[in-house]
Amino acid sequence: MTDATANPIPGTASKGKSLLEQDDRTKRRNAAEKRFRAYGIAAISIGLLFLLALLWAIINNGIPAFTQTFINLEVELAEENLDPNGNRSLEDIRKVSTFGYNPLIGAALIAETADIETEVSDGDLTKILSASAAAVVRNYVIENPDQIGETVEFRLLASSRVDGYLKGRVQREDLARDRNLDAAHLDLIDEMVTRGSTERVFNWDFILGADASESRPEQAGIGVSMLGSFFMMIVVLFAALPIGVAASIYLEEFAPQNKFTDLIEVNISNLAAVPSIVFGILGLAVFIQFAHLPQSAPLVGGLTLTLMTLPTIVISTRASLKAVPPSIRDAALGVGASKMQSVFHHVLPLAMPGILTGTIIGLAQALGETAPLLLIGMVGYIASNYPDGVASGFLDPNSAMPAQIYEWAKRADPAYYERAWGGIIVLLLFLLTMNIIAIILRRRFERRW
Amino acid sequence: MSNLLIVIIVFGLGAIGFLIGRNRAMASGEGDMRNLHSLPFYYGANVGFSTMIPAIGVLALWLIAQPFAINNAVSGMLSADNIEAAGSRSLVMSDVRRVSEGLDAAVTQGVLARDEASEIAFDTTDVRALLASVGVALGSEVSADTLRAAQRYRVMANRGNLLKTIAVIAAALAGLAMSYRATTKDFRARNVVERGVLMLLICAASIAVLTTLGIILSLIFNTIEFFRLYAASEFFLGLRWNPSFSGRGGGSELGILPLLWGTLYISFVALLVAVPLGLFAAIYLSEYASKRVRSVAKPLLEILAGIPTIVYGLFALLTVGPLLVDVFGNDGLLGVGWMSGGTAVMTAGLVMGIMLIPFVSSLSDDIINAVPQAMRDGSYGLGATQSETVRQVILPAALPGIVGAILLAASRAIGETMIVVLGAGAAARLSLNPFEAMTTVTAKIVSQLTGDSDFASPEALVAFALGITLFVITLGLNIFALYIVRKYREQYD
């Protein structure tokens with residue numbers, strides 16, 4: 001034996017058989033191994049790359065929506081235009097419509113740009129301002145009638161093209177076929193920027209404001225539809241949480257093994273996989289067609305989303321009920337509690353953090369859902385007025401954030417795309433906050449038995 | 001009395017019931033809790049629940065039944081030619097309701113005296129002008145028939161509301177009195193209350209069944225209505241989708257096949273993206289990745305699943321679409337000129353594929369992790385490399401689960417709405433070119449139903465037929481996926 005290893009028989013150990021040297025087959029197999037591993041890394045990298053591309057697109061396109069260009073303008077509130085009778089009675093002042101204010105703003109612009117060389121005709125100057133400018137001045141005059149006859153400095157919204165030019169979204173060559181603005185306007189704007197009569201400030205109106213008509217993208221905001229979403233989430237929270245928790249308690253703690261229980265279980269798992277648009281059809285048919293609830297109301301939207309999120313909440317609640325060890329129940333029963341008491345006094349409080357986490361995640365899912373809302377009429381252009389109170393918040397037509405974003409994405413004016421991306425940032429911030437709260441809840445209260 | 005007020009009154013009675021029930025129990029136990037069968041709370045709760053639950057039940061039933069009863073009574077009063085003139089019975093009935101609302105408004109604003117509203121005759125008063133003056137605008141002149149029906153409607157509705165208030169409050173008081181009388185120290189209050197709570201729990205659990213039932217019924221009824229107006233064979237076998245927008249009647253071609261083709265094509269492209277990426281990601285994460293890589297990469301990938309679909313829709317419309325045109329378009333990098341617009345099967349499919357990556361990867365990850373370590377060790381022991389183990393041992397063992405995951409992803413893709421609404425285009429066509437715009441079942445449901453509250457035309461009703469098709473397909477896929485997983489799952493214990 002030892003001899004054999006000490007003196008190998010010549011010819012039996014060929015050169016390639018050394019363990020230290022790979023033969024062709026091993027090389028092939030190792031190469032395949034490396035390739036396979038590379039495929040995996042590539043798949044994950046591509047996935048993460050997509051995520052980065054998505055985030056980059058959102059942030060890059062959306063951030064500009066949070067600033068807005070204003071033009072500072074000294075407008076002379078001429079008495080003969082605004083209050084021809086000179087008695088400062090509010091009724092007379094109200095009679096002057098925004099058309100009556102346009103000449104004043106035009107004159108102010110002419111005065112402002114008098115010393116700038118420009119090819120823009122005097123009548124075209126107002127194109128650099130938003131169409132809302134006259135309304136701003138009019139509202140100011142109605143609130144302060146004593147200012148008539150004075151010259152007041154206003155901060156007026158620039159038109160969406162000017163705003164886009166200063167943000168780099170609108171290029172000079174884009175304007176060739178644009179009847180809203182000429183390149184000459186841009187020279188004027190450049191001059192005004194160097195003189196400091198324009199201002200770019202944080203755009204609170206975008207976050208708090210209402211939707212605007214199709215021709216005034218610079219004025220549109222997401223605030224009203226945010227309220228719509230808020231009222232819907234209240235409905236979802238107060239409908240889905242109790243129903244979901246009650247259903248889970250029954251299924252997890254009380255349900256006997258029978259056909260009816262099986263039916264419920266099968267239904268819940270199937271509902272979790274039904275496309276969201278089908279819930280929209282259900283909401284339309286049941287809540288609007290059958291029950292005659294008001295169309296486009298956050299109440300109806302909330303109820304529809306409740307049905308949609310119920311399976312999510314039931315599944316997570318059951319998981320957290322299941323995680324409470326049976327010894328807790330046994331101990332409660334042992335000291336004389338009834339089955340119901342053991343569940344409500346002991347199991348449920350211990351499962352609460354998990355239930356809340358699941359609920360928040362369900363709410364986040366409902367907050368981002370769009371398709372069912374479109375069917376029950378919660379489309380974007382409705383969100384132009386703030387609700388008057390709590391009841392009107394639930395019952396008056398409103399939109400929701402995702403539906404508002406969809407509406408903006410559909411509009412022809414590219415200035416609205418910026419708003420849509422900005423709206424997505426707002427929406428994602430809400431989702432992020434909710435998910436962080438859920439994670440914190442889980443970390444903080446999670447119990448290992 | 002408004003329903004809200006009635007509910008508040010009932011809840012108030014319930015609260016009172018709780019207090020007096022509790023006190024009565026304590027009194028009958030001579031102030032000592034130990035003499036009672038149950039804790040005092042349960043006696044109070046028993047009285048409270050017996051007050052509120054029957055009353056709320058009566059209210060709910062009444063709210064459902066009253067409109068039916070009144071509609072039946074009133075719609076008998078409408079003459080046939082009146083209905084003919086307006087087009088359908090439901091249109092006349094909505095007129096009737098508006099007129100009666102208007103009369104109510106006129107009374108509350110003091111334009112009409114209380115008894116005048118039910119007496120004004122058709123030939124003496126201009127009803128339309130009268131109602132316009134209180135802010136109720138009518139689309140057409142009010143006919144004698146409609147006015148009489150509206151007056152009757154109003155009287156019946158008012159009487160019904162009064163009766164409803166009386167019935168609900170009577171139910172509450174009866175429940176209160178009966179349970180209050182039953183409250184003595186030997187009454188087994190806890191058992192009764194717990195039985196009641198169990199009933200509530202069962203009701204909550206049944207909502208899932210009711211939801212499914214609601215989905216099925218609302219889809220089926222409206223679909224039957226649709227097939228009365230439009231032949232089912234043309235719907236299922238028609239090769240053209242071309243709804244007329246003129247409103248009622250004729251000229252629409254509503255064949256589902258182009259929509260189904262678009263749906264399946266886009267879903268196919270999406271799966272083509274998502275399945276390889278998701279599967280390889282899952283394999284790498286579960287077999288190769290170190291703990292640290294896994295704890296970072298897995299949650300990051302799952303962010304993709306948490307992003308709302310509207311975001312993906314916008315991403316498709318404004319980023320991916322133009323990018324694809326830059327590559328495959330007429331003046332594109334490749335110069336092939338396959339793509340003319342940003343919305344296309346490829347755009348929607350690609351973006352939907354991105355959305356589905358985490359869906360495929362986390363489901364497969366779970367399944368691969370469930371394959372027991374002993375099988376891997378056996379394979380390594382025979383000298384297989386890691387990738388050979390994955391391909392020849394783990395994947396075959398996990399295959400049923402993976403197929404199930406892919407089927408679930410397919411069902412998600414077929415039911416997805418916002419990405420295709422924004423990214424796939426609006427034209428229904430049967431074509432093989434993935435760079436052309438096509439449309440899907442979900443996108444057409446949205447476009448046929450948005451902003452429409454009148455479900456009389458086949459153009460609106462077709463959405464329900466599309467909905468039921470979608471529901472059946474996705475449900476079928478889900479059930480099939482579960483079946484495959486159950487049937488072919490290997491048991492390793």
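The chains referred to below are lettered A, B, ... by the order of the sequence lines, with proteins before strands, and numbering in each begins at 1. Below, all heavy atoms of this structure are taken into account, side chains as well, without hydrogens, waters or symmetry copies.
Distance check: B/M418 CE to A/I405 CD1 gives 10.0 Å after rounding to the nearest 0.5 Å. Considering CG of A/L282 and CG of B/L219, their distance stands at 8.0 Å, rounded to 0.5 Å. Rounded to the nearest 0.5 angstrom, B/T212 OG1 and A/N267 CG are separated by 3.5 Å. A distance of 9.5 Å separates CD1 of B/I468 from CD1 of A/I281, quoted to the nearest 0.5 Å. Summarising the geometry, atom OG1 belonging to B/T211 is positioned 9.0 Å from atom CD1 belonging to A/I268; distances are rounded to the nearest 0.5 Å. For the atom pair CG of B/L198 and NZ of A/K339, the computed distance is 11.0 Å after rounding to the nearest 0.5 Å.
In this structure, the side chain of A/E33 engages the main chain of B/S387 through a donor-acceptor pair within 3.5 Å.
Both the backbone and the side chain of B/I445 come within contact range of chain A, judged by heavy atoms closer than 4.5 Å. Both the backbone and the side chain of B/L314 have a heavy atom closer than 4.5 Å to some heavy atom of chain A. Heavy atoms of B/V320 lying under 4.5 Å from chain A are absent altogether. In this structure, chain A has a heavy atom under 4.5 Å from the side chain of B/V390, while its backbone stays farther away. Only the side chain of B/S411 comes within less than 4.5 Å of a heavy atom in chain A; its backbone stays farther off. With a 4.5 angstrom heavy-atom cutoff, A/W421 touches chain B via backbone and side-chain atoms both. Looking at A/I46, the atoms closer than 4.5 Å to chain B (heavy atoms on both sides) all sit in the side chain, from C-beta outward. Within the 4.5 angstrom heavy-atom criterion, atoms from both the backbone and the side chain of B/I202 approach chain A. With a 4.5 angstrom heavy-atom cutoff, B/L300 touches chain A via backbone and side-chain atoms both. Contact annotation for A/L310: only side-chain heavy atoms (C-beta onward) come within less than 4.5 Å of a heavy atom of chain B. For B/A289, no part lies under 4.5 angstrom from a heavy atom of chain A. Residue B/Y312 touches chain A through its side chain alone, counting heavy-atom pairs closer than 4.5 Å. For chain B, the nearby parts of A/Q341 are the backbone and the side chain; heavy atoms of each come within less than 4.5 Å. B/F315 touches chain A through backbone and side chain together, each having a heavy atom under 4.5 Å away. Neither the backbone nor the side chain of B/R412 comes within contact range of chain A; no heavy atom of the residue lies under 4.5 Å from a heavy atom of that chain. A/S45 does not touch chain B: none of its heavy atoms, backbone or side chain, sits under 4.5 Å away. Of the atoms belonging to A/L427, it is side-chain heavy atoms, and not backbone ones, that fall under 4.5 Å from chain B. For A/Y39, the parts sitting under 4.5 Å from any heavy atom of chain B are the backbone and the side chain alike. Of the atoms belonging to A/L428, it is side-chain heavy atoms, and not backbone ones, that fall under 4.5 Å from chain B. Of the two parts of B/L301, the backbone and the side chain both hold a non-hydrogen atom closer than 4.5 Å to a non-hydrogen atom of chain A. Only the side chain of B/L39 comes within contact range of chain A, with at least one heavy atom under 4.5 Å from a heavy atom of that chain. Neither the backbone nor the side chain of A/I361 comes within contact range of chain B; no heavy atoms are under 4.5 Å apart. With a threshold of 4.5 angstrom between heavy atoms, A/I424 approaches chain B through side-chain atoms but not through N, CA, C or O.
Residues A/E253 and B/L201 form no side-chain contact, since every pair of their non-hydrogen atoms from C-beta on lies 4.5 Å or further apart. Using a 4.5 Å heavy-atom cutoff, the side chains of B/T442 and A/P275 are not in contact. Annotation: side chain of B/L449 is in contact with side chain of A/L284 (closest heavy-atom distance under 4.5 Å). A 4.5 Å side-chain heavy-atom check between B/T474 and A/V274 finds every atom pair outside the cut-off. You'll find the side chain of B/V197 reaches within 4.5 Å of the side chain of A/F344, heavy atoms only. Side-chain contact between A/S338 and B/R190 is present, with heavy atoms from C-beta onward closer than 4.5 Å. You'll find the side chain of B/S206 reaches within 4.5 Å of the side chain of A/F260, heavy atoms only. Side-chain contact between B/I215 and A/L307: absent, with no pair of heavy atoms (C-beta onward) separated by less than 4.5 Å.
Contact count against chain A (heavy-atom pairs under 4.5 Å) is highest for B/L318 among B/V311, B/L304, B/L318. Of the listed residues (B/I354, B/T319, B/I357), the greatest number of heavy-atom pairs within a distance under 4.5 Å of chain A belongs to B/I354. For the set B/E416, B/E287, B/R391, the count of heavy-atom pairs under 4.5 angstrom toward chain A peaks at B/R391.
Taking all atoms of both residues into account, the shortest heavy-atom contact from B/G306 to A/L431 is O-CD1, 4.4 Å.
Taking the ring axis of B/Y284 as reference, the NZ or CZ atom of A/R37 does not stay both within 45° of it and closer than 6.0 Å to the ring centre.
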Quiz item: Can B/V421 and A/Y406 be said to form a side chain to side chain contact (heavy atoms under 4.5 Å, CB included), step by step?
Solution: CA-CA 10 Å; B/V421 167; A/Y406 170 65; 3.2 Å; yes

Self-check item: Check against side chain to side chain contact (heavy atoms under 4.5 Å, CB included), A/Q289 and B/N222
Solution: CA-CA 11 Å; A/Q289 207 182 6; B/N222 286 299; 3.3 Å; yes

Exercise. Step by step, work out the side chain to side chain contact (heavy atoms under 4.5 Å, CB included) result for A/F50 and B/L277.
Key: CA-CA 11 Å; A/F50 280 140; B/L277 288 178; 4.1 Å; yes

